[in-house]
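Written out below as structure tokens is the structure these notes cover.
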Amino acid sequence: MSGKLLLATSNEHKKKELKAILRYEGVEILTLEDIGKNLPPVIEDGESFAENAAKKARLTAAASGCVCLADDSGLQVEALKGQPGVYSARFAGEKANDEENNAKLLTMIQYFRGEQRKAEFVCVIAVSDPDGMVKTVRGVCPGHINDKPLGKNGFGYDPLFIPQGYSRTFAQLSETEKNVISHRAKALKEVYYLLKEFNLVKR
Ligand code: IMP
């Protein structure tokens, strides 16, 4: 059996990373543009990545009639007790851009050194069918926050985040390098097993 999987995101960077990793025989990956429907925006008001990812996947699956995959992700900084967390996209304000979010983070941790700059990227991926069955998986990438932004690749907090075992930020790694070790890549490795449960890939 094979089928279609709709990506419930309008974030171009996420879409690109998801499409680069999600390559399963017999599974066609669709974007919201592909299905040509104007779906209502989902308000991300959950208190956890899992709650937000499940809500996005469930509502988009119900509105589109397709099996949907949604990602909710963000950065958790140890010295800030897990902030920005679920507020990563809007850390410096509702309409803040990546530079403003990064600048706020750097200001907040300017007096922290060494171990205190430990951080992790977290990604929860939810898959839902139109009947409301939802399953989630989680991926974590540990690392630390650099004292200044470096690199031009990726998005979000990539210029500030140095993954464990590396001396370059995510934004200094190539797409291929990031896609092997990232939180999103780790969660996506588990997605294959979820797709089996939704009968999208062969058992
Ligand atoms: P979401 O759309 O609510 O999941 O927002 C995720 C936010 O977390 C993004 O806007 C980024 O600020 C941050 N984020 C998530 N994944 C990454 C990543 O791979 N690199 C850099 N920032 C990320």
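Bear in mind that the values here come from a model prediction, so they are computed numbers and not experimental data. Read the numbers this way: they start at 1 and go in the same order the structure lists the ligands and their atoms.
By the side chain to side chain donor-acceptor pair (under 3.5 Å) test, K178 is found to be paired with E17, D158, residues two or more places apart in sequence or in another chain being considered. Qualifying ring-ring contact (aromatic ring centres under 6.0 Å, His included) partners for F112, counting only residues two or more places apart in sequence or in other chains: none. In this structure E51 satisfies the side chain to side chain donor-acceptor pair (under 3.5 Å) test with no other residue, sequence neighbours excluded.
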Report all N/O contacts between ligand 1 and the protein shorter than 3.5 Å as a table of atom names and distances to 0.1 Å; if there are none, say 'none'.
| residue | atom | partner | partner atom | Å |
| --- | --- | --- | --- | --- |
| ligand 1 | 2 (O) | K14 | NZ | 2.9 |
| ligand 1 | 3 (O) | E44 | OE1 | 2.7 |
| ligand 1 | 3 (O) | D72 | OD1 | 3.2 |
| ligand 1 | 4 (O) | K14 | NZ | 2.6 |
| ligand 1 | 4 (O) | D72 | OD1 | 3.2 |
| ligand 1 | 4 (O) | S73 | N | 3.0 |
| ligand 1 | 4 (O) | S73 | O | 3.4 |
| ligand 1 | 8 (O) | S73 | O | 3.4 |
| ligand 1 | 16 (N) | S73 | OG | 3.4 |
| ligand 1 | 16 (N) | H183 | NE2 | 3.2 |
| ligand 1 | 16 (N) | R184 | NH2 | 2.9 |
| ligand 1 | 19 (O) | K178 | NZ | 2.8 |
| ligand 1 | 19 (O) | H183 | NE2 | 3.2 |
| ligand 1 | 19 (O) | R184 | NH1 | 3.2 |
| ligand 1 | 20 (N) | D158 | OD1 | 2.6 |
| ligand 1 | 20 (N) | K178 | NZ | 3.4 |
| ligand 1 | 22 (N) | Y157 | N | 3.2 |

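Under the 4.5 Å side-chain criterion, counting only non-hydrogen atoms from C-beta, L75 is not in contact with L160.
Between F121 and F170, the ring-plane angle classifies as parallel under the 30° and 60° cut-offs.
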Exercise for the section: Check step by step if side chain to side chain donor-acceptor pair (under 3.5 Å) holds for T31 and D34. Expected result: CA-CA 5 Å; T31 61; D34 293 329; 3.1 Å; yes
